[in-house]
Amino acid sequence: MRALARHDPASALPLLRTAVDATHPERRGDLARRLYWLAIALKRLGKDGLALKALASAQRVAPRSPARLLFCRASNEYGMPRSSCQEHDDYRAFFSVHARRYLTTVPGGRFTDQAEMETVMTVIADAWTRVGPGIVARYSECEDKLKAFRRVRIQFPVLGGETWVSDRSKILAGDFSAASLIPTNGRCPCGSGLPASRCCNRVPLPYEL
Ligand SMILES: [Zn+2]
């Protein structure tokens, strides 16, 4: 299985998925090991987001496993693949929250074409330029920033048939700056020892199922 995950990840993937599904949740060590190798196979296939999701699950069931080390190395404070700087990490978390929210409103949960995707990206980027700097200046903990990102409501243009029937977009709720700060040096309630924003409350990538 290890050799497969390393050298033939495409064939290993379905086998590892089956193995993970078949593992009893109480067999935490086995589950963490299988999730770890699933993550290695996914990583080899360039699926960094899904690899991180598997590692996040693995470190949760077995906080002292090698998966934890790998997870902490590869992830930022939002539990997303690490980028080169904090500003970019913040923006990607904001983007992911709102892109996922948009995708829950469209059939199939996918962008139908490039134009739709670009429009949504532009709307989110525009919202970020208006609210992002204020949020990151106000909050230092990712947990707080994430709460503020989620409180922002963006009205996206409406796609009717082949054309955008409305190109208006706006930010609907602006009370994100009045967030009550909850002490966040607490750890995730699952007992992993990591902050929740990095663990059970982590930000999934837009296409992560
Ligand atoms: Zn957790």
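Start at 1 and go down the list; that is how both ligands and their atoms are numbered. Hydrogens, waters and symmetry mates are skipped; everything else that's a heavy atom, side chains included, is used.
Judged by distance alone, the side chain of R100 and the main-chain N or O of V203 form no donor-acceptor pair under 3.5 Å. Here the side chain of R44 pairs no donor or acceptor atom with the backbone of H7 at under 3.5 angstrom.
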Throw together a table of side-chain donor-acceptor distances under 3.5 angstrom for residues 11-21, partners on residues two or more places apart or in other chains.
from : atom 1 : to  : atom 2 : distance (Å)
S11  : OG     : D8  : OD1    : 3.0
S11  : OG     : D8  : OD2    : 2.5
T18  : OG1    : P14 : O      : 2.7

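Using a 4.5 Å heavy-atom threshold, the side chains of F111 and E118 count as separate.
Atoms CG and CZ, on L35 and R33 in that order, are 11.0 Å from each other to the nearest 0.5 Å.
Neighbours of the Zn ion (ligand 1) restricted to protein N, O or S atoms under 2.8 Å: the count is 4.
Linking ILVMFWY residues whenever their side-chain heavy atoms come closer than 4.5 Å, directly or via other members, leaves L69 and V61 in distinct clusters.
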